[in-house]
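Okay, so here's the structure we're looking at.
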Amino acid sequence: MEIHIAQGHNPPHNIHGITVVIDVIRAFTTSHHAFRKGLRCIWPVASAEQAFALRDEHLPDALLAGEVDALPIKGFDFGNSPWEIDHAELAGKEMILRTTNGVAATLRARDSREVLVAGLVNAEATANYLRKQNPPTVVLVASHPTGDEDVACAEYIRHLLGGNGITYEAARERTLNASAARKFFNGSHPRLRPDDIHAAATNAGPDALVMRVSFEPFPCITAH
Ligand SMILES: O=C(O)[C@H](CS(=O)(=O)O)OP(=O)(O)O
Ligand SMILES: [Mg+2]
């Protein structure tokens with residue numbers, strides 16, 4: 001298995017392999033928490049306008065979650081926040097999600113045999129799944145174009161797959177110290193809570209959920 005790490009919103013082609021889009025702070029931490037609460041599926045979209053349109057035209061009961069510039073969007077039910085998700089009733093529901101990095105990169109990751117999304121929370125379960133599938137290539141996409149937290153998670157997954165990499169403890173430290181984490185610790189906004197970063201830095205172990213993306217008729221994330 002060849003393992004490549006890429007960074008940013010444009011995952012490379014990986015026609016015969018599996019692509020894992022990584023967003024630790026916070027999109028796929030939020031997603032994992034939502035699936036743990038019984039959410040059925042996530043519909044990722046590129047903008048707040050698309051989120052409102054998808055709900056109004058096709059999914060009248062779906063909840064809206066996400067951010068612009070990390071902040072909650074007016075008219076949405078939740079921010080891009082694992083803490084807010086932990087305090088919500090989600091069993092059997094569907095959610096439309098708009099985020100800056102994780103969702104943006106996922107929407108551009110179609111040229112792959114299979115696409116997964118992950119954070120540190122489900123890195124171990126994702127690595128176990130990759131090992132079982134044993135594709136010829138794995139592309140780990142650190143979705144934040146310049147940040148360190150997603151690269152750290154990619155290096156941890158590569159380590160779990162037997163390649164060069166770092167321990168969970170090192171990835172956790174890099175997440176807590178990432179530039180994207182700062183605004184959650186300095187009281188900059190009441191809905192940017194330190195709890196979100198502590199959730200993002202948590203390892204839920206091998207029993208965490210693997211999150212897969214399908215693209216037809218609309219992009220959709222489900223958990224397994
Ligand atoms: O809301 C988030 O956590 C981020 C934006 S930032 O990196 O914190 O500015 O969006 P995401 O798509 O989850 O990286
Ligand atoms: Mg991020």
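Keep in mind it's a predicted model, so treat the numbers as computed, not measured.
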| task | Begin from the C-alpha positions of Asn122 and His32 and carry the test side-chain hydrogen bond (donor to acceptor under 3.5 Å, both in side chains) through to its verdict. | result | CA-CA 8 Å; Asn122 70 337; His32 193 270; 5.0 Å; no
| query | Is Phe78 reachable from Leu192 through a run of I, L, V, M, F, W or Y residues, each pair having side-chain heavy atoms under 4.5 Å apart? | reply |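 Cluster IDs for Leu192 and Phe78 differ.
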| field | same_hphob_cluster(Val117, Met95) at 4.5 Å side-chain heavy-atom cutoff | value |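 Yes, because Val117 and Met95 connect within a single hydrophobic cluster, where side-chain heavy atoms sit under 4.5 Å apart.
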| field | Inter- and intrachain pairs under salt bridge (Lys or Arg N to Asp or Glu O under 4.0 Å), touching residues 107-122, at least two apart | value |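 Listed by first then second residue: Arg110-Glu216, Glu114-Arg212.
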| Within residues 148-161 or reaching into it, pairs that qualify as salt bridge (Lys or Arg N to Asp or Glu O under 4.0 Å) - sequence neighbours excluded |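 As it turns out, the salt bridge (Lys or Arg N to Asp or Glu O under 4.0 Å) pairs with a partner in residues 148-161, which skip direct neighbours, are Asp148-Arg174, Glu155-Arg174.
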| query | Taking ILVMFWY side chains as joined if any heavy atoms are under 4.5 angstrom apart, and letting links pass through other members, which residues group with Val45? | reply | Trp43, Phe52, Leu54, Leu59, Leu64, Val68, Ile73, Phe76, Ile96, Phe218
| message | Between Arg193 and Glu84, does any side-chain N to carboxylate O distance fall below 4.0 Å? | response | yes
| task | Identify, with sequence neighbours excluded, every residue that meets side chain to side chain donor-acceptor pair (under 3.5 Å) alongside His159. | result |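 For His159, no residue satisfies side chain to side chain donor-acceptor pair (under 3.5 Å) once neighbours in sequence are set aside.
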| Is atom CG of Asn164 surrounded by more than 12 heavy atoms (other residues, nucleotides or ligands) closer than 6.0 Å? | no
| request: Please name the pair of heavy atoms, one in Pro82 and one in Thr30, separated by the smallest distance, quoted to 0.1 Å. | output: CD-OG1, 3.2 Å
| query | What do the steps show when you test Lys37 against Glu89 for salt bridge (charged side-chain N to carboxylate O under 4.0 Å, His left out), and what is the final call? | reply | CA-CA 7 Å; Lys37 298 241 18 186; Glu89 198 43 70; 5.7 Å; no
| message | Under a 3.5 Å cutoff, is there a donor and acceptor pairing between the side chains of Thr222 and His224? | response |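 A pair is found: one side chain offers a donor N or O, the other an acceptor, under 3.5 Å apart.
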Please tabulate, for the side chains in residues 198-206, all donor-acceptor contacts under 3.5 angstrom to protein atoms that are two or more places apart in sequence or on a different chain.
from: Thr202; atom 1: OG1; to: His198; atom 2: O; distance (Å): 2.7
from: Asn203; atom 1: OD1; to: Gly205; atom 2: N; distance (Å): 2.8

| In Å and rounded to the nearest 0.5 Å, what is the CG to OG1 distance from Asn80 to Thr100? |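 Nearest 0.5 Å value for the CG-OG1 distance: 8.0 Å.
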Could you pull out every donor-acceptor pair under 3.5 Å between side chains of residues 14-22 and any protein atom, sequence neighbours left out?
from: Asn14; atom 1: OD1; to: Thr137; atom 2: OG1; distance (Å): 2.5
from: Asn14; atom 1: ND2; to: Ile18; atom 2: O; distance (Å): 3.0
from: Asn14; atom 1: ND2; to: Thr19; atom 2: OG1; distance (Å): 3.1
from: Thr19; atom 1: OG1; to: Ser112; atom 2: OG; distance (Å): 2.8

